[in-house]
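I have placed the structure first, in the form of C-alpha cells, so that the comments after it can refer back to it.
Chain naming here is simple, since letters A, B, ... match the order of the sequence lines and numbering starts at 1 in each.
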2 protein chains.
Amino acid sequence: MAVRVSQSDPGTAARILDIAERLVQVRGFNGFSYADVAAELGISKAALHYHFAGKADLGEALISRYTSNFAEALASVDATAADAPARLAGYADLYLQVLRNEKMCLCGMLAAEYQTLPQPMREAVMRFFDQNEGWLEGVLEQGRTDGVLQFAGPGRTTARLIIGSLEGAMLIARPYGDDARFQATVDSLLGGLIRPAAAATVA
Amino acid sequence: MAVRVSQSDPGTAARILDIAERLVQVRGFNGFSYADVAAELGISKAALHYHFAGKADLGEALISRYTSNFAEALASVDATAADAPARLAGYADLYLQVLRNEKMCLCGMLAAEYQTLPQPMREAVMRFFDQNEGWLEGVLEQGRTDGVLQFAGPGRTTARLIIGSLEGAMLIARPYGDDARFQATVDSLLGGLIRPAAAATVA
DNA sequence: GTCTATAGGCAGATAGAC
DNA sequence: GTCTATCTGCCTATAGAC
C-alpha cells in the first residue's frame with residue numbers, strides 16, 4: 001500500500017495506444033472507433049473508457065507518446081550519424097520506415113483532419129512539427145557551417161521544406177504502394193542540399 | 001418533351017458538389033455527412049440521394065469534377081505563362097489559392113483517407129496525381145531543354161517531388177494558418193530549379 | 001425533385017454489477 | 001479493471017406521398 005502505481009495498468013494502456021496509433025495512421029482519427037480497438041485487444045469498449053475517458057483523451061495521449069518516441073529517434077540519429085548529410089538521410093529513413101508499414105505519419109494524418117480535432121489535439125500536433133523543425137534547423141545550420149550542406153536563406157525555411165516534402169511524399173506514395181517512388185523523391189530533395197564536393201565523403 | 005435533359009437538374013447537382021467539395025477539403029470525406037450538405041443547401045437529406053445515390057457516388061463525382069477543373073487551370077497556366085519557371089510559379093499559385101481558403105487539396109485530403117475509400121474513389125484519386133505528374137513532367141523537360149531549368153534525373157521524379165512538396169507544405173501550413181510559411185517553402189523549392197544565369201536573359 | 005418518416009446500424013459514452 | 005446492458009445521437013439509405 002505504501003508503494004503503488006499512480007495510474008492505470010501501463011500494460012493495457014500501452015497496448016491500447018499501440019492499436020489506436022496504427023489505426024489512426026492507417027485510417028485516420030475519424031476513421032476508427034473504440035469498437036475497433038476493443039475488438040482487436042479483446043476487451044470491451046467500456047474497459048477502454050476506464051483507461052482513456054474519451055476519444056479526445058486517447059488522441060492527446062497518442063500524439064504525446066508519438067512525439068516523445070520521435071524525439072528519441074532523433075536523438076538516436078544524432079548519436080549514430082557522423083555528419084549533417086547522414087543525419088538528414090537518417091531523418092528521411094524514419095519516414096520510410098513508417099511508409100513501409102503502409103502507414104502515414106501520425107501527425108501528418110492528424111494535420112489533414114485538423115479542422116475536426118478538439119483543441120488540445122490541435123496544439124499537440126503543432127508541437128510535433130515545431131519539434132521537427134527545431135531539430136532539422138540545427139542539423140542544417142551545422143551542416144552549412146561545416147561546409148557539407150548548401151541552401152539559401154534561413155535554416156528554418158529549408159527545415160520546413162524538408163518536413164513538408166517528406167510528409168507530402170508519404171501522403172502520395174501510400175496510395176501507389178510504392179516505396180521506391182518515395183525514396184527517389186527523397187534522394188532528389190536531399191541531393192540538392194548536399195555540397196557536391198562533400199558528397200564523396202558521405203559514402 | 002422531345003428535348004429534355006438526360007440527367008437530374010444540373011443546377012442543384014452542381015450546388016451539392018460545391019458544398020460537398022468544400023466540406024471534404026476542410027473536414028475530410030469521413031468528416032462530413034449528407035446532413036451537413038442538406039442543411040447548408042436547405043433541402044432534405046432524401047433529396048440528396050436523388051442526385052447522388054450514395055456517398056461513394058458523390059465522392060466519385062467530386063474527384064471527377066475537381067480533376068477536370070484542375071486540368072482547365074493547367075491549360076490556363078499554359079496559355080498565360082511565358083516560360084517554364086513562370087508555369088511552375090503558376091502551378092504553385094493554384095495551391096496557394098486553395099490554402100488561402102483554409103482548405104486542403106481535395107485529392108491530398110483523400111490521399112490521407114485513402115484506406116477508408118471505396119475502390120472507385122481510390123482509382124480516381126490516383127488519376128488526379130497522374131494528371132499532375134504528366135503536366136509537370138512536360139513543363140520540366142521543356143524548361144531543361146530551353147536551358148531555363150536545372151535538375152538531375154528524369155523529369156518525372158522532380159515532378160513527383162514538386163507535387164509531394166506542395167501537398168505536404170499545404171498540409172502543414174494549414175494548422176498554422178500561415179500562408180507566408182507556405183509561400184516561403186515554395187520559393188525555396190522552386191528557387192533550386194531555376195537556372196540562375198537564365199533567369200534574367202535567355203541566350 | 002422534393003418532402004416526411006423511418007429503418008437499421010454504429011458512434012461515443014455511462015451505470016452499475018462483479 | 002473488466003464486464004453487460006443501455007442510452008442518446010448521428011449516420012447512410014430507403015419507402016412512399018406529393
task = Name the orientation class of the two ring planes belonging to Y34(B) and H49(B) (parallel below 30°, tilted from 30 to 60°, perpendicular beyond 60°).
result = tilted
request  = Examine dC10(C): is either OP1 or OP2 under 4.0 Å from a nitrogen or oxygen in the side chain of S33(A)? Give yes or no.
outcome  = no
query = How close or far is atom C1' of dA13(D) from atom CG of L58(B), stated in whole angstroms?
reply = 14 Å
query = What is the distance, rounded to the nearest whole Å, between atom CG of D36(A) and atom C1' of dC10(C)?
reply = 10 Å
query = Quick check: does any side chain N or O of S76(A) sit under 3.5 Å from a backbone N or O of E72(A), one acting as donor and the other as acceptor?
reply = no
ask   = Taking the side chain of K45(A) as its heavy atoms from C-beta onward, which of dT2(D), dC11(D), dG12(C) lies nearest to it?
value = dG12(C)
task = Whole angstrom is fine here: how far is it from CG in N30(B) over to C1' in dC10(D)?
result = 15 Å
query = Measuring from F129(A):CZ to R160(A):CZ, what's the distance to the nearest 0.5 Å?
reply = 12.0 Å
query = Across the strands shown, which category fits F32(A) at heavy-atom distances under 4.0 angstrom: base, sugar-phosphate, nothing?
reply = sugar-phosphate
key: Aromatic ring pairing F128(A)/F70(A), orientation class (parallel under 30°, perpendicular over 60°, tilted between)   = perpendicular
note = Taken to the nearest whole Å, CZ/F52(A) to P/dA11(C) is 19 Å
ask   = What is the distance, rounded to the nearest whole Å, between atom CD1 of I16(A) and atom P of dT2(D)?
value = 7 Å
query = Rounded to the nearest Å, what distance is computed from the OH atom of residue Y50(B) to the C1' atom of nucleotide dT14(D)?
reply = 16 Å
key: Side chain of H49(A) (C-beta onward), nearest among dG12(C), dA13(D), dT2(D)   = dG12(C)
remark   = Rounded to whole Å, the CG-C1' distance (L23(A) to dA11(C)) equals 15 Å
message = At 4.0 Å (heavy atoms only), tell me whether S44(B) reaches a base, stays on the sugar-phosphate, or touches nothing.
response = base
key: Nearest-angstrom distance from the residue atom CG of L48(A) to C1' of dA13(C)   = 12 Å
task = Using a strict cut-off of less than 4.0 Å between a Lys/Arg side-chain nitrogen and an Asp/Glu carboxylate oxygen, indicate whether R100(A) and D93(A) qualify as a salt bridge.
result = no
note = By nearest-nucleotide position on DNA chain C, the 5'-leaning member of A35(A) and A46(A) is A35(A)
